[in-house]
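Heads up, the thing below is written out as structure tokens.
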Amino acid sequence: MLILLGIVAALLPPFIAWGEHLYLRHGEVSGKRKILYFLLYFVLIHAAVFGVAYYRGVRGLTWQLVTMDYELKHLGAGLVCAVLLPFLGCLVLEPGVTLGGFRKYGRRTLTDIRKYSQYVIRSAKAHLRSEVANSYLDWLWWVLEPLAMMLIYTFIFGFVFGSTEPYFPVFVFIGLTMYTFFSRNVSYGVTAILVNKAIVTKVYLPKYMLLVSHMVLNAFKMMICFGIAFVMMLFFRVPLTLHILCFIPIIFEFFLLTFAVGLIFMHFGVYVSDLSYIVGIALNMLMYLSGIFYSMTRFPEPFNVILGKLNPVAFLINSMRDAVLYGIMPDWLTYAGWLCASLVLTCIGLYTIYHNENAYVKVI
């Protein structure tokens, strides 16, 4: 197991960096340069990781002394470098990628957000009204649905399978609330352009605004659910600490991560008709691997660390529970790593959408 993890830690980060570099260049790289770029990222990533380890006092390490914990930290640091380095690599090595180009897309994004913010708000309100237009209970469904799901899962996992996590109903409710937000928005992102064909083909609208509008809608529902969770915390007498303020940075990164993943799938959903089925299966698998109904400590080492930190959804859900329910400070180093990764993925997603938005109209 240790040898396999070492091979993954050695090869996966440079492969991701190499793929990201080629993606930013749209495949316009010759065969020899592809090999050289892979070797370059292999050297740079591991030099950076070993340099950080040396600075933190890890010296004179031999293969016999390498532990599972060290390999996991090596892999995590390598993945962070793999996400960040290709931007610098493209700026230095590729004349077609410039800092001015990144600034141009950044200014365009800010302008579009200001220009189309009213559309986002009005579209979200219209969808909220349409969801309950013909129902007897109206907006109460936004409260009853998550409560019903919480009761079902609490009964199954709390009484049938005997989960013993403290404040288990609130524990489950927070996990369900966050995962539902992520799942609904990512699923919508896959088909966002296709289901809005009438809008996309007739008027100009930055395509990612379709996803933003849907995220605002689901964010409103999520805030209602967190309000219910707070009432449940008072009912179950959960001790309130200042760590509850960590809610703000955690939910910000969760929103950014969801937006980044949704953008990536929005692009490929236009060209791959079966992607919605694949994403649906992946999201179902992710739900059971993200600790929605149990603590990640139930997994034996090293899988609890792998699934708890290298899975960003599980990490942010567990961080929210720890801060809100148990007064435990999040792992800010892991938080910073996933924040950087989310920012980079968001930049890649926006760049991809802007670069291909004229082609979408032709395809659909």
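Nothing here was measured: the structure is a model prediction, and the numbers come from that model. We use all heavy atoms of the structure for the numbers below, so side chains are in, but hydrogens, waters and symmetry mates are not.
Between C81 and L44, every side-chain heavy-atom pair lies at or beyond the 4.5 Å cut-off. Here the side chains of I121 and V216 are not in contact, with every heavy-atom distance at 4.5 Å or above. Between Y351 and T109 the shortest side-chain heavy-atom distance does not fall below 4.5 Å. Side-chain contact between M233 and Y167 is absent, with no heavy-atom pair separated by less than 4.5 Å.
When ring centroids are compared, F247 and F226 come within the 6.0 Å threshold.
For F230, the CZ atom is loosely surrounded, since the number of other residues' heavy atoms within 6.0 Å does not exceed 12. Within a 6.0 Å radius of OH in Y288, other residues, nucleotides and ligands contribute 12 heavy atoms or fewer. The 12-atom threshold is not exceeded at NZ of K309, counting heavy atoms of other residues, nucleotides or ligands nearer than 6.0 Å. Around the CZ atom of R108, the shell of radius 6.0 Å holds more than 12 heavy atoms that belong to other residues, nucleotides or ligands. Taking a 6.0 Å sphere around CZ of F235, one finds it holds 12 or fewer heavy atoms contributed by other residues, nucleotides or ligands. For CG of L242, the number of neighbouring non-hydrogen atoms (other residues, nucleotides, ligands) closer than 6.0 Å is 12 at most.
Taking CG from L211 and CG from L263, the interatomic distance works out to 5.5 Å, rounded to the nearest 0.5 Å. Here the OH atom belonging to Y179 is positioned 9.0 Å from the CZ atom belonging to F293, to the nearest 0.5 angstrom.
Side chain of S213 to backbone of M209: no donor-acceptor contact under 3.5 angstrom is found. For W18 (side chain) and Y37 (main-chain N/O), no donor-acceptor pair under 3.5 Å exists by modelled atom type.
Remark: the H267 side chain and the Y360 side chain contain an N/O donor-acceptor pair separated by less than 3.5 Å.
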| task | Please assess M178 against V313 for the test side chain to side chain contact (heavy atoms under 4.5 Å, CB included), listing each intermediate value before the final yes or no. | result | CA-CA 9 Å; M178 294 182 68; V313 176; over 6 Å; no
| Could you go step by step and tell me if V261 and L257 meet the side chain to side chain contact (heavy atoms under 4.5 Å, CB included) rule? | CA-CA 6 Å; V261 176; L257 173 70; 4.2 Å; yes
| said: Run the side chain to side chain contact (heavy atoms under 4.5 Å, CB included) test on F315 and N311 for me, step by step, so that the C-alpha distance in whole Å, both residues' side-chain angles and the decisive distance to 0.1 Å come before the verdict. | reply: CA-CA 6 Å; F315 169 73; N311 175 358; over 6 Å; no
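Partners of Y277 under the ring-ring contact (aromatic ring centres under 6.0 Å, His included) rule, at least two apart in sequence or in another chain, do not exist in this structure. Y116 pairs by the ring-ring contact (aromatic ring centres under 6.0 Å, His included) definition with nothing, not counting sequence neighbours.
Nearest heavy atoms, A17 versus P86: O-CG, 3.4 Å.
Ring geometry, F15 versus F38: the interplanar angle exceeds 60°, so the pair is classed perpendicular (tilted spans 30 to 60°).
Sequence neighbours left out, the pairs with a member in residues 205-224 that pass ring-ring contact (aromatic ring centres under 6.0 Å, His included) are W142-F220, Y188-H214, Y208-Y354.
Remark: R321 qualifies as a cation-pi partner of F171 under the 6.0 Å distance and 45° angle criteria applied to the six-membered ring.
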